[in-house]
Amino acid sequence: MMRRACIRSFRLEGRASARPGHAEACPSSPFGDLHGPLQQVAKTGWVKLARSGVAIFVVLCALLTTTGCDLRQKMWDQPSYRTYQESEFFEDGSSARPLVEGTVARGFLREDDHYYRGKVDGEFAKELPEQIEVTRELLMRGKERYNIYCSVCHDPAGYGNGMVVQRGFAEPESFHIDRLRGMPDGYYYSVITDGFGRMPGYAYQIRPSDRWAIVAYIRTLQLSQYATLDDVPETVRDDL
Amino acid sequence: MAQVFGPWANTVAKLSIVLGVFFVAAALATLDTIHRSSYVRLTGVARPQPVAFSHKHHANMGIDCRYCHTTVEEEAFANIPPTSVCMTCHTMVWADSPALEPVIESYETGEPIKWKRVHDLPDHVYFDHSAHVNKGIGCATCHGRVDEMPLVWKEQPLFMKWCLECHREPEQFIRPREEVFNMAYESPKDQHELGEHLVEEYEVKTHNHRLMDCWICHR
């Protein structure tokens with residue numbers, strides 16, 4: 001406050017020098033005895049400008065030295081949690097809360113045994129559930145999902161010689177052996193969901209409708225490996 | 001006492017104003033350059049991670065992005081897989097490698113691995129992976145060739161200006177949906193023609209070109 005008062009009075013003096021001797025009342029002012037020349041400069045009004053210029057420069061320099069996070073504003077890092085963000089509030093340090101055991105989200109009751117577990121009366125379902133209609137789109141979706149999640153071990157044609165197997169994983173059985181060709185649709189769904197042998201379940205990665213699409217595609221692969229020329233429509237036989 | 005400031009002081013004072021303006025401009029330009037530099041933005045700098053996971057190695061084996069980042073097609077956030085997904089293969093493959101010890105420990109204790117975040121948008125920016133992926137914007141368009149990165153680095157500094165380049169003219173960057181996860185995809189010579197067609201087909205610019213509205217990203 002004191003400093004500001006001094007500067008203010010100094011300006012006044014510069015303009016009109018109406019209050020002689022005031023500068024002596026401000027012992028901290030380095031300009032205390034320089035009234036004459038500075039008065040002239042001040043008359044032009046440049047001092048004010050120069051002073052604010054210096055102030056801006058100093059602020060900018062300060063910013064320069066602290067470039068980076070200090071330039072961020074508070075909107076950048078808001079107090080609300082983002083996905084996977086750490087939390088100091090919860091004991092385990094995670095902002096994501098685990099579900100209370102037994103929680104069923106709305107719409108996820110999954111009562112339909114056939115659709116969600118591949119079983120009818122405790123036995124593997126022999127057919128696809130009624131919600132699943134076999135269309136070209138379904139098979140293409142199944143192909144896409146199969147190639148993402150299954151082909152790494154089962155290979156794109158289903159013989160069980162995928163990349164991960166070549167790197168040392170247990171070799172799965174081919175889909176084209178008689179035992180697996182004879183297995184019902186529900187069996188495949190169940191293995192995708194819960195796993196089998198060294199294969200863990202894929203329930204986390206593949207949602208139920210896609211699991212059925214994959215089942216349909218595996219059936220397509222099985223058909224394809226035993227197809228004869230008679231199965232090919234006459235119009236496209238020349239393309240083979 | 002003699003005069004400290006002679007008549008020359010007037011010249012110095014006036015000159016200092018000109019120089020001052022220059023300095024302020026120079027300081028601003030320097031500040032801006034530093035602020036945008038890869039040094040501050042960390043673009044092209046591989047980020048060390050608690051596990052030396054190589055995207056290059058895994059992608060080159062033919063593992064699709066979606067095998068691990070399962071939610072990218074359906075949700076705003078592309079998830080980091082739980083360690084159980086790593087252990088799908090690594091119960092048998094490289095199971096004894098010391099590099100995998102933190103993964104195995106995490107799998108056994110349930111304590112998550114604390115990966116270091118590479119891409120961190122400001123909290124006032126809303127970004128939805130699923131919207132981009134389903135409208136024909138490839139992973140590599142923003143993330144670069146992750147399939148060639150041993151440890152991941154940031155390819156783009158993610159400036160708003162850069163986002164707007166595409167929001168203004170998505171025709172330049174859009175690709176067919178089936179090529180979104182193809183990291184090696186290169187835009188064809190007739191990109192503009194194809195782009196216009198895809199923008200139309202995927203309804204990217206319908207509803208009065210809302211892509212340029214502020215609230216699209218700042219909501």
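On a predicted model such as this, the values are computed, not experimentally measured, just so you know. Quick note: numbers below take in every heavy atom, side chains included, and nothing from hydrogens, waters or symmetry partners. In what follows, every chain begins at residue 1, and chains take the letters A, B, ... in the order their sequences are listed.
B:E200 CD: 12 or fewer foreign heavy atoms inside a 6.0 Å radius. Residue B:W162 qualifies as enclosed at atom CH2: its count of foreign heavy atoms under 6.0 Å is above 12. A 6.0 Å sphere centred on CZ of A:R136 holds no more than 12 heavy atoms belonging to other residues, nucleotides or ligands. Within a 6.0 Å sphere centred on OH of B:Y107, other residues, nucleotides and ligands contribute 12 heavy atoms or fewer. More than 12 heavy atoms of other residues, nucleotides or ligands shown are found within 6.0 angstrom of OH on B:Y126.
Both the backbone and the side chain of A:R167 come within contact range of chain B, with heavy atoms under 4.5 Å apart. Heavy atoms closer than 4.5 Å to chain B are found in both the backbone and the side chain of A:V164. At a 4.5 Å heavy-atom cutoff, A:Q166 makes no contact with chain B through either its backbone or its side chain. Only the side chain of B:E73 comes within contact range of chain A, with at least one heavy atom under 4.5 Å from a heavy atom of that chain. With a threshold of 4.5 angstrom between heavy atoms, B:V125 does not approach chain A through any atom at all.
In this structure, the separation between OG1 on B:T70 and CD1 on A:I148 is 10.5 Å, given to the nearest 0.5 Å.
Side chain of B:D123 to backbone of A:M75: no donor-acceptor contact under 3.5 angstrom is found. Between the A:Y149 side chain and the B:R66 main chain, a donor and an acceptor come within less than 3.5 Å of each other. At least one donor-acceptor pair under 3.5 Å links the side chain of A:Q205 to the backbone N or O of B:Y67.
By the 4.5 Å heavy-atom criterion applied to side chains, B:D64 and A:N147 are not counted as neighbours. Annotation: side chain of A:V152 is not in contact with side chain of B:M61 (no heavy-atom distance under 4.5 Å). B:P82 places a side-chain heavy atom less than 4.5 Å from the side chain of A:Y204.
With salt bridges taken as basic N to acidic carboxylate O contacts below 4.0 Å, none links A:K143 and B:E178.
Nearest heavy-atom pair, B:T88 versus A:P200, reported as atom, atom and distance to 0.1 Å: CG2-CG, 3.5 Å.
Taking A:E86, A:M163, A:R145, A:R82 one by one and counting their heavy-atom pairs under 4.5 Å with chain B, the maximum is reached by A:R82.
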Pair B:F77-A:Y84, side chain to side chain contact (heavy atoms under 4.5 Å, CB included): steps then yes or no: CA-CA 10 Å; B:F77 192 84; A:Y84 296 151; 3.2 Å; yes
